[in-house]
K.L.:
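Have a look at this one before I ask anything.
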Amino acid sequence: MLNVKTMADYAAANEMPEVLFWVGCAGSFDQRAQKVTRSFVKILQHLNIKFAVLGSEESCTGDPAKRAGNEFVFQMLALQNIEVLNGYGIKKIVTTCPHCFNILKNEYPSLGGNYEVLHHATYLQQLIDSGRIKLTDTAAFKGKKITYHDSCYLGRANEIYEAPRKVLEELDAELVEMKSCRTKGLCCGAGGAQMFKEDEPGKKRINIARTEEALETDARVIAAACPFCNTMMTDGVKAKDKQAQVKVFDIAELLAAGQGLETIQL
Amino acid sequence: MLTYFQIYLFIAFAAITAFYAYRGYNRIYKNIKLGKPENLTDNPSQRLRNMLLVALGQKKMFKNMTPAILHLMIYVGFVITQVELIEVFIDGFTGHHRIIYHAVENIPALRSFYVFTISFIEVISIFVFIATVAFLTRRWLLKVPRLNMPELQGFPIIDATIILASEIYLLTCIFSMNTADMAMHNGEYGFLVSGMLMPLFDGMTYTSIHYVERIGWWGHLFGVFAFLCYLPYSKHLHILLAFPNTYFARLTPKGYIANMPEITKEIKLMMNPDAAYAAPAEQPAEPVKFGAKDVFDLSWKNLMDAYSCTECGRCTAACPANQTGKLLSPRKIMMDTRDRLEEVGSKIADNKGVWNDDGKSLIENGYISVEELRACTTCNACVEECPVMISPLDIIVQLRRNLIMEESNAPAEWTGMFANMENNGAPWQFSQQDRLNWVKE
C-alpha cells in the first residue's frame, strides 16, 4: 500500500505540494498502467518530492471524446476539471499520459486552465539533469537492446523526441531505433479514440505493424511513454507470440528499476 | 509587315491569356472565400520564416532525398527560366529580336553576363529534363506506390502527366529556339548548350532554320500562356499557393485541436443554471451547426489547403491507417474537399452567384465516407509529412464533429465510451470513487 496524499489532504493541512501528479484514467484503472503509476510514485517518493494526486476528484481530461468529435463531452469534463484545479490553485502538473499532457497543456488554456504541464519523460529528464536521480542498479540493462516507441502525442504533437531517449540512455543499455522513429514514428493505433473501438476493415491492425517494426530491431525491451502505446505494443507482442523474448515497459518502470525501486526480469 | 503581324498576334495571345487566367484564378479566390473566417495573421515574423523556409527553401521536401533533389532541379529551372521569358515578352511586344542582347552587345561585361545567364539557363534546363524524365519514370515505370493509388485514377494521373509532358515540350521549344538562333548567327551569341547542339542544323537552309527558330519561340510562348491558364485547374497550382499556404499555416503545436467557443457557452450555462435565467437567451440568426458537413462549414484555410495539395501522397504513405489497408487516405481527404468545393463553386456560378442546396455534402455522396473518417488515429503523421503545411487532420476532426454531434452517428463502442465519460469521468465503466485503487499493490 503506497502512502499517497491527495490535494484534499494538502488543502486540509493548508499546504501546497510541489507538483500535482495527474494520474489519468489508464493510470488509475488499467492494471498494466497502474504499475507504471506506482513506479512513477516510487521515484517521486524516493526523491522526497512533495506531490499530490486528485484521487476521486480527477476526471478524464476528455481527450478520447474530443478526438472522436464529441466536443460536448470533452468540454464538460474539461470545465469540471479546470474548476477543481483552479479551486486548489494548481500551478504545476506532471502526468504519465501523453494524451492528458497534450490536452492539459494545449487545449485547457483557452478554457481557463493555465498550468505548467510536463510529461513524465521531461520531468524525469529534468530530475536526471539536476542530479537528483542517480542510477544504482543498471547491471540488469547492461548491453541489452532497448527500442523506444515514439508516442504521437508526445512526439509529433508536441515535439518531445529527446527527453524519453535521454532517460533511457541513463540505463547503460544499447538504444536502438525502429525503421520509423521520431518525426516519422509509426502510431501504435490507439489515438483518436481508436483504443475504444474495433478497427475499420483492413489488411492488419496498426499495433501489429508497429510491433513488427519493433521486433525487427531485435530489442529485448520496447520502451513506451504512454499507457495506450503500452497496451497496444503488449498486445502486439502477444499476437506475435514473443512475450518470452520481448518485454514492454514504460520509461518510468525502467528508471525505477535502475534506482533499485522495482525489480525487472530481463 | 510580318513583324507587325507577329506583334498583333502576340498581343492577342497575351490578352486572351490574361482573360482566361483571370477567370481561373478569380474562381479559386472566390471558392476559398466560401470558407468560414479564421484569423491567421498573428506573429508575422514566424509566418514569414515558415514561408521562406518551407515554400521558398523547400525545407520539408528534404525528408526524402531523391524526390527532393529532382524536385529542386525542376523548381530552380522553372524560376531561372523566367529570366529568359522577360526578354521573350519584351521582344513579343516590340517586335525586336533579343532586345537585351543587342542593347548590351557592345559592352563586354554586360554582354558576357547575358551570355552567361542564358548558358546557365540552358545547363539548368538539362537538369530539368533529367528530373522530368525521372519523375515520369517513377510514376509510370517504377510505379512508386504513393503515385499509383486508387484516388489518382482518372484526371489526377492525367493532370500529373500533362504537367510533366509540358515541361518537356517547353524545354524542346527553348532549345529549338536557342539552337536555331545560334545557327542563324554562326554561333555569335556563344550560348553553351545550344552551341553544342548547333551541328544538328548542318545542311539546313537559313530559311528553314529561321522557321525552326520561330516555331520554338512561338511554341515556347504558347506553352507558357497555356500553362498559366491551365494552372488553376491543376494540382500544379501548388507552385503559387505553397507561398500563402505556408504563411497562413497554423502556428500552434500539432497536438492542439481548437476548442469550440459556441459549446463552451452552452456548457457554462449548464454548469451554472442561474446564469441562464439572468442572461436573456440570444436568438442566433440561424441554428448553430456543430462541426463541418460541407465545404461552407470549413475554414478558408482548410479550403486553401485543398487547392494547395499537389497530390504527392506523402501524407497517405505515412498514414498508419492507410499502411495497414484501411480506406482512409489523407490525400483523398484533400482531393475530395477540393472536388466538392469545385462542384459547389461551379453550381453557384451557374446560378448567378446564389447557392441552392443541392442535397449533397462533403460527407458520403461520393466524397469522404464515414468509414474513412472513423479510421483516423489523429497521429499527425500526415500533417508532419506535408511539404506545404496542409492539415488533413483538421478537416477530419471537423467532419467527425458533425457525425457525432449533429448526426449522432457513432460506433456503438464510442456511444458507450461517451456515456462512461459523462457518468463516471472515465472512458471505461469504473467508479470515480475507485480512482485511487492503484495505491494497493
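Chain naming here is simple, since letters A, B, ... match the order of the sequence lines and numbering starts at 1 in each. These numbers come from a predicted model, not from an experiment.
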K.L.:
Please determine, among Phe290(B), Tyr256(B), Trp414(B), the option with the most heavy-atom pairs under 4.5 Å with chain A.
P.N.:
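Ranked by heavy-atom pairs under 4.5 Å with chain A, first place is Trp414(B).
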K.L.:
Relative to chain B, which segment of Arg205(A) carries a heavy atom at a distance below 4.5 Å: side chain, backbone, both, or neither?
P.N.:
backbone
K.L.:
Relative to chain B, which of Ala209(A), Gly202(A), Ser151(A), Gly24(A) shows the most heavy atom pairs under 4.5 Å?
P.N.:
Gly202(A)
K.L.:
Out of Lys63(B), Met270(B), Glu372(B), which one racks up the most heavy-atom pairs below 4.5 Å with chain A?
P.N.:
Lys63(B)
K.L.:
Go through Cys152(A), Ser180(A), Cys188(A), Gly155(A) and name the one with the most non-hydrogen pairs under 4.5 angstrom from chain B.
P.N.:
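Of the candidates given, the most pairs with chain B belong to Cys152(A).
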K.L.:
Which atoms of Glu57(A) are under 4.5 Å from chain B, going by heavy atoms: the side chain, the backbone, both sets, or neither?
P.N.:
backbone
K.L.:
Counting heavy-atom pairs closer than 4.5 Å to chain B, which one of Gly191(A), Cys60(A), Ala68(A) comes out on top?
P.N.:
Ala68(A)
K.L.:
Could you check which of Glu200(A), Gln34(A), Lys203(A) has the highest count of heavy-atom pairs closer than 4.5 Å to chain B?
P.N.:
Glu200(A)
K.L.:
Would you mind checking which part of Met271(B) comes under 4.5 Å of any heavy atom in chain A, side chain (CB onward), backbone (N, CA, C, O), both or neither?
P.N.:
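For Met271(B), the side chain is the part near chain A, not the backbone.
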K.L.:
Which region of Ala33(A), side chain (C-beta onward) or backbone (N, CA, C, O), has a non-hydrogen atom less than 4.5 Å from a non-hydrogen atom of chain B, or is it both or neither?
P.N.:
neither
K.L.:
Would you say the side chain of Asn402(B) lies within less than 4.5 Å of the side chain of Ile363(B), judging by non-hydrogen atoms?
P.N.:
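Yes, at least one pair of side-chain atoms sits under 4.5 Å.
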K.L.:
Would you kindly say whether Arg49(B) and Asn43(B) are connected by a side-chain donor-acceptor distance under 3.5 Å?
P.N.:
no
K.L.:
Please look at Ile263(B) and chain A and tell me whether the side chain, the backbone, both or neither of the residue comes under 4.5 angstrom of a heavy atom of that chain.
P.N.:
both
K.L.:
Side chains of Phe249(A) and Glu262(A), heavy atoms from C-beta outward: is any pair under 4.5 Å?
P.N.:
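Heavy-atom side-chain distance check fails, nothing below 4.5 Å.
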K.L.:
Against chain B, label Asn70(A) side chain, backbone, both or neither, depending on which of its atoms sit under 4.5 Å from a heavy atom there.
P.N.:
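The answer is both parts of Asn70(A).
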K.L.:
From the options Lys35(A), His120(A), Arg32(A), select the one residue that forms a side chain to side chain donor-acceptor pair (under 3.5 Å) with Asp250(A).
P.N.:
His120(A)
K.L.:
If you tally heavy-atom pairs under 4.5 Å against chain A, which of Gln323(B), Met405(B), Gln433(B) wins?
P.N.:
Met405(B)
K.L.:
Using a cut-off of under 4.5 Å on heavy-atom pairs, state which of Lys440(B), Arg400(B), Glu371(B) scores highest against chain A.
P.N.:
Arg400(B)
K.L.:
Measuring heavy-atom distances to chain B, does Tyr153(A) have an atom under 4.5 Å in its side chain, in its backbone, in both, or in neither?
P.N.:
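It is the side chain, since no backbone atom gets that close.
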K.L.:
Assert yes or no for the condition that the ring centre distance of Trp438(B) to Phe29(A) is strictly below 6.0 Å.
P.N.:
no
K.L.:
Heavy-atom distance under 4.5 Å between the side chains of Phe74(A) and Glu107(A), does that happen here?
P.N.:
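Of all side-chain heavy-atom pairs linking Glu107(A) with Phe74(A), at least one is under 4.5 Å.
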K.L.:
Between chain A and each of Cys319(B), Pro411(B), Ala258(B), Pro253(B), count heavy-atom pairs under 4.5 Å; write down the option with the most.
P.N.:
Pro253(B)
K.L.:
Under the salt bridge (charged side-chain N to carboxylate O under 4.0 Å, His left out) rule, what do Glu384(B) and Lys254(B) come out as? Steps first, then yes or no, please.
P.N.:
CA-CA 8 Å; Glu384(B) 178 74 41; Lys254(B) 289 195 190 69; 3.3 Å; yes
K.L.:
Between Thr316(B) and Arg146(B), is there a side-chain heavy-atom distance shorter than 4.5 Å?
P.N.:
no
K.L.:
Should we count CD of Glu413(B) as having more than 12 external heavy atoms under 6.0 Å?
P.N.:
yes
K.L.:
Side chain, backbone, both or neither: which part of Ala193(A) has a heavy atom under 4.5 Å from chain B?
P.N.:
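Answer is both: backbone and side chain atoms of Ala193(A) are under 4.5 Å from chain B.
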K.L.:
Taking the side chain as every heavy atom from C-beta outward, state whether Glu385(B) and Lys184(A) have any pair of such atoms under 4.5 Å apart.
P.N.:
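Yes; the side chains approach each other to less than 4.5 Å.
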K.L.:
For each of Val23(A), Val53(A), Ile103(A), tally heavy-atom pairs with chain B at distances under 4.5 Å, and name the one with the top tally.
P.N.:
Val23(A)
K.L.:
Checking Leu79(A) against chain B: side chain, backbone, both or neither under 4.5 Å from a heavy atom?
P.N.:
both
K.L.:
Heavy atoms only, distances under 4.5 angstrom: which of Thr183(A), Asp199(A), Val4(A), Asn158(A) has the most pairs with chain B? Name it, please.
P.N.:
Thr183(A)
K.L.:
Using non-hydrogen atoms only, which part of Ser431(B) is less than 4.5 Å away from chain A: side chain, backbone, both, or neither?
P.N.:
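Only the backbone of Ser431(B) comes within 4.5 Å of chain A.
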K.L.:
Taking atom CD of Glu83(A) as the centre, does the number of heavy atoms from other residues, nucleotides or ligands within less than 6.0 Å exceed 12?
P.N.:
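Atom CD in Glu83(A) is not packed in, count stays at 12 or less.
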K.L.:
Heavy-atom cut-off 4.5 Å, strictly under: side chain, backbone, both or neither for Phe228(A) against chain B?
P.N.:
side chain
K.L.:
Among side-chain atoms of Lys301(B) and Asn245(B), is any donor-acceptor pair under 3.5 angstrom?
P.N.:
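A pair is found: one side chain offers a donor N or O, the other an acceptor, under 3.5 Å apart.
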K.L.:
Tell me which of these, Leu436(B), Val383(B), Ile267(B), has more heavy-atom pairs under 4.5 Å with chain A than the rest.
P.N.:
Ile267(B)
K.L.:
With a 4.5 angstrom heavy-atom cut-off, which part of Ile206(A) approaches chain B: side chain, backbone, both or neither?
P.N.:
both
K.L.:
Need one label for Asn424(B): side chain, backbone, both or neither, based on atoms under 4.5 Å from any heavy atom in chain A.
P.N.:
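Neither part.
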K.L.:
Which atoms of Thr6(A) come close to chain B, meaning under 4.5 Å heavy atom to heavy atom: side chain ones, backbone ones, both, or neither?
P.N.:
side chain
K.L.:
For Met417(B), which atoms come within 4.5 Å of any heavy atom of chain A: side chain, backbone, both, or neither?
P.N.:
side chain
K.L.:
Near Lys179(A) NZ, under 6.0 Å, is it more than 12 heavy atoms from other residues, nucleotides or ligands?
P.N.:
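12 or below, so no.
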K.L.:
Is any side-chain N of the basic residue among Asp294(B) and Arg340(B) closer than 4.0 Å to the acidic one's carboxylate O?
P.N.:
yes
K.L.:
What I'd like to find out is whether the side chain of Arg435(B) reaches to under 4.5 Å of the side chain of Leu54(A), using heavy atoms alone.
P.N.:
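Not in contact.
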K.L.:
Do Asp63(A) and Arg67(A) meet the salt-bridge criterion of a basic N to acidic O distance under 4.0 Å?
P.N.:
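Yes, Arg67(A) and Asp63(A) are salt-bridged.
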